[in-house]
J.: 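Got a structure for you, questions after.
Throughout, residue positions are numbered sequentially from 1 according to the sequence presented. All values derive from a computational prediction rather than experimental measurement. Only this structure's heavy atoms are used, side chains among them; waters, hydrogens and symmetry mates stay out.
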Amino acid sequence: QVQLVESGGGLVQAGDSLRLSCAASGRTFSEDVVGWFRQAPGKERWFVAAIEKSGGRTYYEHSVEGRFTISRDNAKNTVYLQMNNLKPEDTAEYYCAANTLGCSGYGCYSKSGYDYWGQGTQVTVSS
């Protein structure tokens with residue numbers, strides 16, 4: 001059984017940093033593209049960032065580029081999302097997901113391509 005477990009969320013102030021982790025079990029994560037998505041109350045789940053299986057290419061939604069960094073440690077079967085200079089508009093539930101068929105470029109932005117999802121971790125940024 002494949003499980004993705006996010007951790008690292010919390011309540012912070014604007015300008016602070018958080019690092020989210022996504023740990024996988026039941027599957028070798030290194031074969032998958034892994035993405036982070038977020039969903040604010042009453043809004044659609046939206047792409048944040050993704051990393052290819054080799055870790056060489058990364059993709060970011062425009063509003064987080066330069067502030068967020070996605071990385072992976074395949075030896076630990078874990079993907080991270082380092083979030084710096086957080087803003088109140090970053091407040092959302094954050095989900096990691098694995099795309100087992102692969103994607104590249106804008107193909108990685110669509111949540112429909114992701115097969116496995118974690119349960120989410122809440123990030124709240126106060127002003």
J.: Atom CG in D16, atom CG in N85: separation rounded to 0.5 Å?
T.: 9.5 Å

J.: So which atom in E44 and which in K111 form the shortest heavy-atom distance, rounded to 0.1 Å?
T.: OE2-NZ, 2.8 Å

J.: State, without any angle test, whether T78 and D73 hold a side-chain donor-acceptor pair at a distance under 3.5 Å.
T.: no

J.: Is there a donor-acceptor contact under 3.5 Å linking the side chains of D115 and T100?
T.: yes

J.: Can you check whether W36 and F68 have ring centres sitting under 6.0 Å from each other?
T.: no

J.: Of all heavy-atom pairs between T121 and G8, which one has the smallest distance, and what is that distance?
T.: OG1-N, 4.2 Å

J.: When rounded to the nearest 0.5 angstrom, what is the spacing between CD in Q82 and OG in S71?
T.: 8.0 Å

J.: F47, Y106: one ILVMFWY side-chain cluster at the under-4.5 Å cut-off?
T.: yes

J.: Quick one: are K43 and R38 in side-chain contact, heavy atoms under 4.5 Å?
T.: no

J.: Please test V48 against L81 for side-chain contact (heavy atoms from CB on, under 4.5 Å), starting from the C-alpha separation and ending with a verdict.
T.: CA-CA 10 Å; V48 176; L81 185 67; 4.2 Å; yes

J.: Any heavy-atom pair between the side chains of Y59 and S104 that's under 4.5 Å?
T.: yes

J.: Kindly indicate whether the side chain of L18, heavy atoms from C-beta on, has any atom under 4.5 Å from the side chain of V123.
T.: yes

J.: Out of curiosity, C108 SG to E52 CD, how far, rounded to the nearest 0.5 Å?
T.: 6.0 Å

J.: How far apart are the closest heavy atoms of C22 and F29, and which atoms are they?
T.: O-CE2, 3.8 Å

J.: Do side-chain atoms of Y80 reach the backbone of L20 as a donor and acceptor pair under 3.5 angstrom?
T.: no

J.: Grab the two heavy atoms, one from S112 and one from S110, that are nearest each other, plus how far apart they are.
T.: OG-OG, 2.7 Å

J.: Are any of the side-chain heavy atoms of R72 and N77 separated by less than 4.5 Å?
T.: no

J.: Is the distance between the ring centroids of Y114 and F37 under 6.0 Å?
T.: yes

J.: Rounded to the nearest 0.5 Å, what's the gap from CZ on R27 to OH on Y116? Could you check?
T.: 5.5 Å

J.: So do the side chains of Q39 and W46 get within less than 4.5 Å of each other, counting heavy atoms only?
T.: no

J.: Hey, could you give me the CZ/CE distance between R19 and M83, rounded to the nearest 0.5 Å?
T.: 11.5 Å

J.: Rounded to the nearest 0.5 Å, what's the gap from CD on Q122 to CD on E6? Could you check?
T.: 12.0 Å

J.: Is any side-chain heavy atom of V33 closer than 4.5 Å to one of I51?
T.: no

J.: Test the R45-Y95 pair against the cation-pi criterion, namely NZ or CZ under 6.0 angstrom from the six-membered ring centroid and within 45° of the ring axis.
T.: yes

J.: If the condition is side-chain contact (heavy atoms from CB on, under 4.5 Å), which residues does S30 pass it with, not counting sequence neighbours?
T.: T28, N74

J.: Work out which heavy atom in L4 is nearest to a heavy atom in A24; give both atom names and the distance.
T.: CD2-CB, 3.6 Å

J.: By side chain to side chain donor-acceptor pair (under 3.5 Å), which residues pair with S126, not counting sequence neighbours?
T.: none

J.: Could you report the tightest heavy-atom contact between P88 and S127, atom names first, then the distance?
T.: CG-CB, 3.8 Å

J.: Give a yes-or-no answer on whether the side chains of S63 and E65 include a donor-acceptor pair shorter than 3.5 Å.
T.: no

